[in-house]
Amino acid sequence: MKYPLGIQTFSKIRQKNYLYVDKTAILYDLIENGEVYFLTRPRRFGKSLLISTLEAIFFGSKTVV
């Protein structure tokens with residue numbers, strides 16, 4: 001599998017069959033049990049991809065899997 005270097009959109013990673021570490025169980029826990037989160041990470045550490053993944057979860061995008 002190819003690494004998704006520079007790709008920050010969850011749907012593109014899934015559609016083009018790039019390597020992706022599935023974190024949806026962790027995200028589900030954050031959504032169901034969390035309150036307010038401040039997402040701070042260094043540059044190039046996946047903030048945009050995390051938000052894109054959350055967007056796909058909330059919009060119910062099951063077709064990109």
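The figures that follow rest on heavy atoms only: side chains count, while hydrogens, waters and symmetry mates do not. Residues: numbered from 1 along the sequence shown.
- Listed here is the closest heavy atom pair of Ile7 and Tyr18: CD1-CE1, 3.3 Å.
- Interatomic distance, Asp29 CG to Glu32 CD, rounded to the nearest 0.5 Å: 8.5 Å.
- Note on Leu50: it clusters hydrophobically with Phe58, by side-chain heavy-atom contacts below 4.5 Å among ILVMFWY residues.
- There is no path of hydrophobic side-chain contacts, each under 4.5 Å, that joins Leu54 to Ile26.
- Listed by chain and residue number, Thr24, Leu27, Ile31, Thr53 satisfy the side chain to side chain contact (heavy atoms under 4.5 Å, CB included) test with Ile57 (two or more places apart in sequence, or in another chain).
- Residues passing the side-chain hydrogen bond (donor to acceptor under 3.5 Å, both in side chains) test with Asn17, sequence neighbours excluded: none.
- The two residues Arg14 and Tyr20 come nearest to each other via the heavy atoms CD-CD2, 4.5 Å.
- Residues Gln8 and Ser52 share a closest heavy-atom pair of O-CB, 3.8 Å.
- With sequence neighbours excluded, no residue forms a ring pair (Phe, Tyr, Trp, His ring centres under 6.0 Å) with Tyr28.
- Linking Ile, Leu, Val, Met, Phe, Trp and Tyr residues whenever their side-chain heavy atoms come within less than 4.5 Å leaves Phe38 and Leu30 in two separate clusters.
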